[in-house]
Peer 1: 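I have a structure here, written as structure tokens, and I will follow up with some questions on it.
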Amino acid sequence: MPTAVDLFIPCFVDQLFPDTAMNMVKVLEKLGCEVHYNGNQTCCGQPAYNAGYKAESCSVATKFLRDFPSDTGRYIVSPSASCVGMVRNTYAELFENTPEQKQYHSVQRRIFEMTEFIVDVLGVSAIAGAQLPGKYTYHDSCSALRECGIREAPRQLLDAVQGLERLEMAETETCCGFGGTFAVKFEAISVAMAEQKVEHALATGADYLISTDTSCLMHLDAYIRREKKPIKTMHVADVLASGW
């Protein structure tokens, strides 16, 4: 019997990186998953929360719980560790001692970032047919590493991609400088952090800078394009869907 999953596609992925979302679907279906998508879903509430609008964030989060009802029993899988971290961790504060708390706990148990779902839940360590010639370095996003405890799963899957070689960069666990509204409020610091991250990546000689989070990659890619640096950003889903 196929594993049933609900897709959680964050708002910025939906609007700016739809191909990444579709590539995640491609990979999940290749692994035999029965994929469901609720077209009414919107945002997890993280932008409002990070900007200090807790009540507004709670309203959006309440809608999220309605969009992913607990009675389905399906896993919730997303291509964004940042949003998964928001739902898994910050919702605990938003729904503490509320009627929605029980429903939140159900969602908390069922939501996973894509690579941790593939490795830790499905028990898969390689995507058959995945090919991408070149060398890559990996960026540990703050949300993936610190909020979700994700480090080995994406590397394991990427290392199994035919033709792809990993080169670890210095300070891979250091923030890239995006941080949502941080990049707007503290632009100079944010850009300097992006510069440092990109320079560390370039120092490895890698062709690709890969991560679980399109938000980080969007920030880094903007700096790379502006400065015309010789490296390409890719989301892990796009890599795993390459070559087949």
Side-chain angles (χ1 to χ4, degrees), residues 10-13 15-17 19-20 44 46-47 49-52 78-86 88-90 113-116 132-159 161 163-240 242:
C11 43
F12 63 90
V13 175
Q15 294 297 310
L16 300 175
F17 304 100
D19 288 347
T20 295
C44 66
Q46 183 177 186
Y49 182 85
N50 288 344
S78 178
S80 169
S82 174
C83 295
V84 169
M86 171 71 182
R88 189 180 286 175
N89 302 311
T90 309
E113 180 273 330
M114 183 193 73
T115 64
E116 65 169 346
L132 184 67
K135 300 176 181 179
Y136 84 95
T137 194
Y138 185 79
H139 163 59
D140 288 286
S141 77
C142 296
S143 297
L145 186 66
R146 296 174 177 84
E147 293 188 37
C148 300
I150 299 168
R151 189 182 190 282
E152 296 305 323
R155 287 175 170 84
Q156 187 173 0
L157 292 169
L158 290 168
D159 287 350
V161 173
L164 198 58
E165 177 188 353
R166 171 160 46 109
L167 301 169
E168 290 286 359
M169 64 175 152
E171 299 184 33
T172 182
E173 298 179 0
T174 300
C175 180
C176 70
F178 177 62
T181 55
F182 177 87
V184 177
K185 294 178 179 179
F186 303 99
E187 180 183 358
I189 300 174
S190 176
V191 172
M193 294 173 73
E195 178 184 14
Q196 181 185 58
K197 176 66 65 170
V198 171
E199 290 302 322
H200 284 323
L202 289 169
T204 68
D207 305 296
Y208 305 101
L209 175 54
I210 301 173
S211 184
T212 54
D213 283 80
T214 54
S215 50
C216 296
L217 295 171
M218 176 177 64
H219 178 59
L220 294 169
D221 189 59
Y223 177 81
I224 289 168
R225 289 174 181 270
R226 191 187 74 176
E227 300 299 324
K228 298 181 174 58
K229 298 294 185 178
I231 194 168
K232 180 181 180 181
T233 59
M234 289 188 74
H235 187 276
V236 63
D238 300 322
V239 178
L240 298 179
S242 297

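Heavy-atom basis, side chains included; hydrogens, waters and symmetry copies ignored. One is the number of the first residue; the rest follow in order along the sequence. No experiment lies behind these values; they were computed from the predicted model shown.
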Peer 1: Given side chains that start at C-beta, do those of Cys142 and Glu147 come closer than 4.5 Å, heavy atoms only?
Peer 2: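 No, side chains not in contact.
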Peer 1: For Ser242 and Asp238, indicate whether the former's side chain and the latter's backbone hold a donor-acceptor pair under 3.5 Å.
Peer 2: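 Side chain of Ser242 to backbone of Asp238, a donor-acceptor pair under 3.5 Å: yes, one is there.
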Peer 1: So if I apply the side-chain contact (heavy atoms from CB on, under 4.5 Å) rule between Met86 and each of Thr90, Val84, Asn89, which one comes out positive?
Peer 2: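 The passing option is Thr90.
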Peer 1: Quick one: does Ser78's side chain get under 4.5 Å of Met114's, heavy atoms only?
Peer 2: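 Counting from C-beta outward, Ser78 and Met114 never come under 4.5 Å.
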Peer 1: Are the charged groups of Glu195 and Lys197 less than 4.0 angstrom apart, N to O?
Peer 2: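 Not counted as a salt bridge, because no side-chain N and carboxylate O are separated by less than 4.0 Å.
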Peer 1: When you compare the side chains of Tyr136 and Asp159, does any donor N or O come within less than 3.5 Å of an acceptor on the partner?
Peer 2: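 Side chains of Tyr136 and Asp159: pair found under 3.5 Å.
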Peer 1: With rounding to the nearest 0.5 Å, note down the distance linking OG in Ser215 to CG in Leu16.
Peer 2: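 Reported to 0.5 Å precision, the distance equals 11.0 Å.
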Peer 1: Could you measure the distance from the SG atom of Cys83 to the CD atom of Gln46? Nearest 0.5 Å is fine.
Peer 2: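 Atom-to-atom, Cys83:SG and Gln46:CD are 5.5 Å apart.
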Peer 1: Indicate yes or no: at least one non-hydrogen side-chain atom of His235 is less than 4.5 angstrom from one of Val239.
Peer 2: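 Contact flag for His235/Val239 side chains = no.
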Peer 1: Return the CG to OH distance between Leu164 and Tyr208, rounded to the nearest 0.5 Å.
Peer 2: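 Output value for this atom pair is 8.0 Å.
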Peer 1: Give me the atom names and distance for the closest heavy-atom approach of Glu168 to Tyr138.
Peer 2: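 Looks like OE1-O, 4.5 Å.
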Peer 1: Rounded to the nearest 0.5 Å, what's the gap from CG on Asp207 to CE on Met234? Could you check?
Peer 2: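 It comes to 11.0 Å.
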Peer 1: Donor-acceptor pair, distance only, cut-off 3.5 Å: does the side chain of Glu227 make one with the backbone of Ile224?
Peer 2: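 Pair absent, no side-chain N/O of Glu227 close to backbone of Ile224.
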Peer 1: Closer than 3.5 angstrom, by distance alone: can the side chain of Thr212 be matched with the main-chain N or O of Ala81 as a donor-acceptor pair?
Peer 2: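 Checking the backbone N and O of Ala81 against the side chain of Thr212, no donor-acceptor pair under 3.5 Å is found.
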Peer 1: Start with the C-alpha distance between Glu171 and Gln196, add both sets of side-chain angles, then the distance that settles side chain to side chain contact (heavy atoms under 4.5 Å, CB included), and finish with yes or no.
Peer 2: CA-CA 9 Å; Glu171 299 184 33; Gln196 181 185 58; 4.0 Å; yes
Peer 1: Are the side chain of Glu113 and the backbone of Glu116 linked by a donor-acceptor contact shorter than 3.5 Å?
Peer 2: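 Flag set: sc Glu113 to bb Glu116 pair under 3.5 Å.
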Peer 1: Between Arg151 and Glu173, does at least one N-O distance fall below 4.0 Å, as a salt bridge requires?
Peer 2: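 Looking at Arg151 and Glu173, the cut-off is met.
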Peer 1: Side chains of Asp213 and Ser82: donor-acceptor distance under 3.5 Å anywhere?
Peer 2: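 Judged by distance alone, the side chains do not pair up.
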Peer 1: I'd like to know if the side chain of His219 pairs up with that of Ser190 as donor and acceptor (distance under 3.5 Å, no hydrogens or angles considered).
Peer 2: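 There is such a pair (donor and acceptor under 3.5 Å, judged by atom type) between the side chains of His219 and Ser190.
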Peer 1: Can a donor-acceptor pair be found, under 3.5 Å and without considering hydrogens, that links the side chain of Thr214 to the backbone of Leu217?
Peer 2: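 A pair under 3.5 Å: no.
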Peer 1: Is the side chain of Thr137 donor-acceptor paired with the backbone N or O of Leu167 at a distance under 3.5 Å, no angle test?
Peer 2: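 Confirmed, Thr137 side chain pairs with Leu167 backbone.
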Peer 1: Which atom pair, heavy atoms only, marks the closest approach of Ser80 to Phe12?
Peer 2: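 It is OG-CZ, 4.0 Å.
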Peer 1: Charged N to carboxylate O below 4.0 Å: is that the case for Arg155 and Asp140?
Peer 2: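 A salt bridge links Arg155 with Asp140.
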Peer 1: Determine whether a donor-acceptor pair (N or O, by modelled atom type, separation under 3.5 Å) exists between the side chain of Thr204 and the backbone of Ala201.
Peer 2: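 Between the backbone of Ala201 and the side chain of Thr204 there is a qualifying donor-acceptor contact (under 3.5 Å).
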Peer 1: OG1 of Thr174 to NE2 of His200: how many Å apart, nearest 0.5 Å?
Peer 2: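 Atom-to-atom, Thr174:OG1 and His200:NE2 are 6.5 Å apart.
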Peer 1: Please answer whether the main-chain N or O of Cys216 pairs with a side-chain N or O of His139 as donor and acceptor at a distance below 3.5 Å.
Peer 2: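 Looks like no, no N/O pair under 3.5 Å.
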Peer 1: Closest approach of Leu209 and Leu220, non-hydrogen atoms and distance?
Peer 2: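 The answer is CD2-CD1, 3.7 Å.
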